[in-house]
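It should be emphasised that the depicted structure is a prediction, and the values quoted were computed from it without experimental measurement.
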Amino acid sequence: MRALLSGYYGKGNGGDEALLATLLQMLPSHVTPVVLSGNPEETRDRYNVETYNRMAPLLIFEALRSCDALIWGGGSLIQDITSTISPFYYGGLMALAQKMDLKTIAWAQGIGPLLRPQTRWLARQTFGNCTKISVRDRASAGLLSDWKIPCIMAPDPVWALESKPVPGLWDLPAPRVAVTLRSHPQLTETRLANLTRALVDFQKATQAFILLLPFQKSEDLSIAEAIQPHLKDVSKILCLEDPQLLKGVFRGVEMAIGMRLHSLIMAAAEGCRCFALSYDPKVNRLMEDLEMPGWDLASLPDDPNLISLTWMEHYANGYPLSPEQIQSLVDRALIHREVLSQALSNN
């Protein structure tokens, strides 16, 4: 059996690459993956899979004709808040696969926000015709329930991604704290300046070595480069492309301060204390589910001193998830693997 995997792959985003790596890890052994990617050569070489350019319509059509199934491969693909084109791209692909009688699986989806009537209608149609659906949060499950569409809910599959140790990480000074910020309209110059000032004070107080981790170079590297000169000899920018290594970083880190959803999931899964800076409802949902401390960026305190003191308090007295909690989340995340097994069975 051949399955076409569609997601935001090959675009240098650590979270989406982690979803692809996990999906490939969870696919049944009788299924051959074919991946649509923004960088087909890189994706082919990294994962040793057949790939096609995600923006080449004729190649996509040929790929669909050669496959038995289409999988929406994880994440917030069906939302219209960051892009109006995105839901039509994924929705159009799903509708075409359904017209061609392929098995269609919406896997580990975070649905919404859906602000426009057209995108809501398209989402309802395509989800309604899927063979199987798994979602990663209560809000997505609630939306499908309102539409009378059955689904299975489980934690984000990246909880179950196997991590790899990072060469050279243990040679860096300890203790270590990882920071993952991304560009976003809510991360204004003033807020970035306040976070940088707070980070400098936090570092002085804790004597921690700061790892600046860009999860998507095109969005995050410039922010890391703006912060680093203020932490000259006590920080390092660490650019890692392999999602298993990216997750492995958090094995050697005491605390993570993160905007990106998957930086917080990876950190929590590796037993780190986490502090969230939310720019998106999906990060708020994770904070609620794990009782994770943090702020919405929109309500970030104006006082860098208050920010650094809050971080210090969490660094000194906060708790990571217990091994039992982590194991429970990993076990439940593996439900996404069962969904694939059931939908792609040879029966």
Decide yes or no for [X] and [Y]: does some side-chain heavy atom of the first lie under 4.5 Å from some side-chain heavy atom of the second?
| X | Y | value |
| --- | --- | --- |
| I227 | L181 | yes |
| Q216 | R182 | no |
| L221 | C239 | yes |
| L143 | R120 | yes |
| T310 | W295 | yes |
| T43 | L20 | yes |
| Y9 | L23 | yes |
| Q244 | S163 | no |

So with a 6.0 Å cut-off around [atom1] of [X], is the heavy-atom count from everything else above 12?
| X | atom1 | value |
| --- | --- | --- |
| W121 | CH2 | no |
| E189 | CD | no |
| M55 | CE | no |
| R138 | CZ | no |
| D146 | CG | yes |

[Y] reachable from [X] in the ILVMFWY side-chain graph, under 4.5 Å edges:
| X | Y | value |
| --- | --- | --- |
| M94 | L122 | no |
| I71 | L102 | no |
| M153 | L340 | no |
| W72 | L344 | no |
| Y52 | Y89 | yes |

For this session: Can you measure from CD1 (I257) to CG (L264) and round to the nearest 0.5 angstrom?
Result: 10.5 Å
Donor-acceptor check, side chain of [X] to backbone of [Y], threshold 3.5 angstrom: yes or no?
| X | Y | value |
| --- | --- | --- |
| E291 | E288 | no |
| K132 | I152 | no |
| K103 | S345 | yes |
| W107 | H336 | yes |
| T22 | A18 | yes |
| R191 | L297 | yes |
| S145 | A141 | no |
| Q79 | L114 | no |
| Q109 | I111 | no |
| E50 | T32 | no |

Give me the atom names and distance for the closest heavy-atom approach of [X] to [Y].
| X | Y | result |
| --- | --- | --- |
| A198 | P304 | CB-O, 3.4 Å |
| L27 | P33 | CD1-CB, 3.7 Å |
| L144 | C151 | CD1-CB, 3.7 Å |
| Y47 | A21 | CE2-CB, 4.0 Å |
| A343 | I105 | CB-CD1, 3.5 Å |
| S86 | L77 | OG-O, 3.3 Å |

For [X] and [Y], does a side-chain donor sit closer than 3.5 Å to a side-chain acceptor?
| X | Y | result |
| --- | --- | --- |
| R136 | S76 | yes |
| N317 | E313 | yes |
| R116 | T84 | no |
| N13 | H262 | no |
| D331 | Q327 | yes |
| N284 | D296 | yes |

For this session: Output, in order, the C-alpha distance, side-chain angles, deciding distance and verdict of side-chain contact (heavy atoms from CB on, under 4.5 Å) for L19 and D156.
Result: CA-CA 9 Å; L19 284 163; D156 191 289; 3.8 Å; yes
Exercise. So L93 and L36, side-chain contact (heavy atoms from CB on, under 4.5 Å) or not? Walk me through it.
Worked result: CA-CA 11 Å; L93 196 57; L36 295 178; 3.7 Å; yes
Exercise. Using the ring of each side chain (for Trp, its six-membered ring), is F202 parallel, tilted or perpendicular to W311, with breaks at 30° and 60°?
Worked result: perpendicular
Seminar exercise, completed: Only residue of T180, L187, D220 satisfying side-chain contact (heavy atoms from CB on, under 4.5 Å) with M259 is L187
For this session: State which residue, out of V34, L59, L4, fulfils the side-chain contact (heavy atoms from CB on, under 4.5 Å) condition with L64.
Result: L4
For this session: Please report the C-alpha distance between Q203 and L199 in whole Å, then the side-chain angles of each, then the deciding distance to 0.1 Å, and finally whether the side-chain contact (heavy atoms from CB on, under 4.5 Å) criterion is met.
Result: CA-CA 6 Å; Q203 191 283 324; L199 206 49; over 6 Å; no
Problem set entry | side-chain hydrogen bond (donor to acceptor under 3.5 Å, both in side chains) partner of D242, chosen from R46, K247, K164 | K164
For this session: Please lay out, stage by stage, how R285 and D289 fare under the test salt bridge (Lys or Arg N to Asp or Glu O under 4.0 Å).
Result: CA-CA 6 Å; R285 290 169 197 163; D289 289 346; over 6 Å; no
Exercise. Would K11 and D16 pass as an ion pair if we require N to O under 4.0 Å?
Worked result: no
